[in-house]
Amino acid sequence: MMSEIFTNIPKIKYEGAKSKNPLAFKFYDPEKIVLGKPMKEHLPFAMAWWHNLCAAGTDMFGRDTADKAFGAAEKGTMEHAKAKVDAGFEFMSKLGVEYFCFHDVDIIPEADDINETNRRLDEISDYILGKMQETGIKCLWGTANMFSNPRFMNGAGSTNSADVYCFAAAQIKKALDLTVKLGGKGYVFWGGREGYETLLNTDMKFEQENIARLMKMAVEYGRKIGFTGDFYIEPKPKEPMKHQYDFDAATAIGFLRQYGLDKDFKMNIEANHATLAGHTFQHELRVSAINGMLGSIDANQGDYLLGWDTDEFPFDVYEATMCMYEVLKAGGLTGGFNFDAKCRRPSNTYEDMFESYILGMDTFALGLIKAAEIIEDGRLDGFVKDKYASFNDGIGAKIVAGETTLEELAAYAAEMKSVETPCSGKQERLEGIVNSILFG
Ligand code: XLS
Ligand code: CA
Ligand code: CA
């Protein structure tokens with residue numbers, strides 16, 4: 001057994017809304033039954049390795065503010081990689097977070113030679129596997145980082161260099177091996193550099209076809225080695241590239257259908273990416289759900305005053321409620337809720353790491369409770385159902401059944417001569433209902 005790293009942090013317990021203990025859950029009560037099932041089954045939370053164990057506060061203007069060495073003598077070593085595993089598993093165990101997500105290069109320092117990188121990945125994944133067996137913690141999804149290394153400057157699947165394309169393929173292959181080894185439920189493609197700055201130097205069609213080829217090979221290989229989970233695309237409209245090919249859910253779904261990848265892929269929807277695309281989080285979830293592709297969620301939030309990806313811990317209960325409303329109506333996720341979020345740079349203590357997760361978990365627990373109340377209340381659903389009632393019989397039913405023609409509808413309209421405006425949308429009444437459920 002490794003020595004304790006977060007020595008002043010106890011196991012985090014549920015103490016209820018009145019608790020003033022910063023190291024306790026106020027709303028996340030894992031065993032509480034909501035709509036017939038324990039909260040923890042509705043909310044399979046995951047820790048994002050990169051933000052929680054790697055990011056230490058460096059930004060464009062300054063260096064690290066937090067200590068993420070976790071006791072290792074030197075950062076960027078295998079000793080440090082193992083210290084991060086120890087810290088991560090202690091962290092998740094203390095919070096009751098049951099899953100983690102990782103990129104290949106989050107879990108080891110990348111070597112100059114890919115063969116050595118892969119050897120380190122084998123070594124660390126053995127170590128991680130041991131911890132998983134000890135604690136019962138599981139892998140939600142794995143992925144390959146194909147955006148940080150300078151070789152991916154012009155993209156990975158969309159690169160102009162066939163040699164670089166092979167390195168992307170090699171990383172995906174290894175990351176899939178690791179995901180299968182660790183029993184991951186999903187495999188994510190976030191195309192960080194899959195986009196462009198200017199069409200003056202870009203063959204957009206060729207790049208998209210090459211990305212699809214790479215994804216197809218990934219699916220073929222994954223299925224061959226026994227990966228039965230979902231592949232995910234994580235849409236994002238911009239940053240780092242000006243134009244990213246996976247702009248939003250609708251764009252990514254269109255791409256998957258065009259290249260025959262839609263049976264193997266679903267969406268991993270991140271709240272901050274949704275708002276960067278000019279959509280609400282709820283919109284992106286709904287688009288995915290109605291296309292049968294709501295897979296997993298990167299649970300965070302952005303800042304409406306800033307135009308970039310701030311990856312903040314979820315705090316906005318309205319957003320979390322509408323998210324959980326979509327998730328409940330879709331019958332749950334095949335994936336989970338990954339906190340792709342980091343503490344603000346000045347929140348630089350170990351305690352802050354825990355308090356951030358407590359905030360995120362409590363926010364989603366509240367969202368779940370309130371979304372369940374909205375569904376049980378039934379007024380919102382009832383309103384939407386009634387709003388379309390004119391399609392239940394008569395000419396409306398014929399339209400829905402596809403049993404009419406433009407000529408017949410035109411004749412119907414001509415006979416009516418004129419038509420009344422349809423019923424009120426009642427947005428303000430419905431917003432009032434949401435408020436009365438949230439705060440009543
Ligand atoms: C970056 C993305 C990234 C993915 C995984 O903006 O959110 O962290 O979730 O590559
Ligand atoms: Ca993300
Ligand atoms: Ca993000």
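For ligands, and for the atoms within them, numbers begin at 1 and follow the listed sequence. Note that the coordinates shown come from a computational prediction; the quantities given were computed from them, not determined experimentally. One-based numbering along the sequence shown. Only heavy atoms go into these numbers, but all of them, side chains included; no hydrogens, no water, no symmetry mates.
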If you measure from the Lys or Arg side-chain nitrogens to the Asp or Glu carboxylate oxygens, is any gap between [X] and [Y] under 4.0 Å?
X	Y	answer
D122	K174	yes
K84	D106	no
K236	E239	yes

Under 4.0 Å from ligand 1, counting heavy atoms only, is it the side chain of E239, its backbone, both or neither?
neither
Structural part of N338 in contact with ligand 1, heavy atom criterion under 4.0 angstrom:
neither
Taking both backbone and side-chain atoms of [X], is any N or O found less than 3.5 Å from an N or O belonging to ligand 1?
X	value
W190	no
N268	no
H103	yes

So the angle subtended at the Ca ion (ligand 2) by D340 atom OD2 and E270 atom OE1, rounded to 10 degrees, is 90°
Here the N/O/S atom of D311 closest to the Ca ion (ligand 3) would be OD1
We want to know whether Y196 and D203 form a side-chain donor-acceptor pair, criterion being a heavy-atom distance below 3.5 angstrom.
no
Looking at H273, which atoms of ligand 1 are within less than 4.0 Å of one of its heavy atoms?
2 (C), 6 (O), 7 (O)
The atom name of the N, O or S atom in E234 nearest to the Ca ion (ligand 2) is OE2
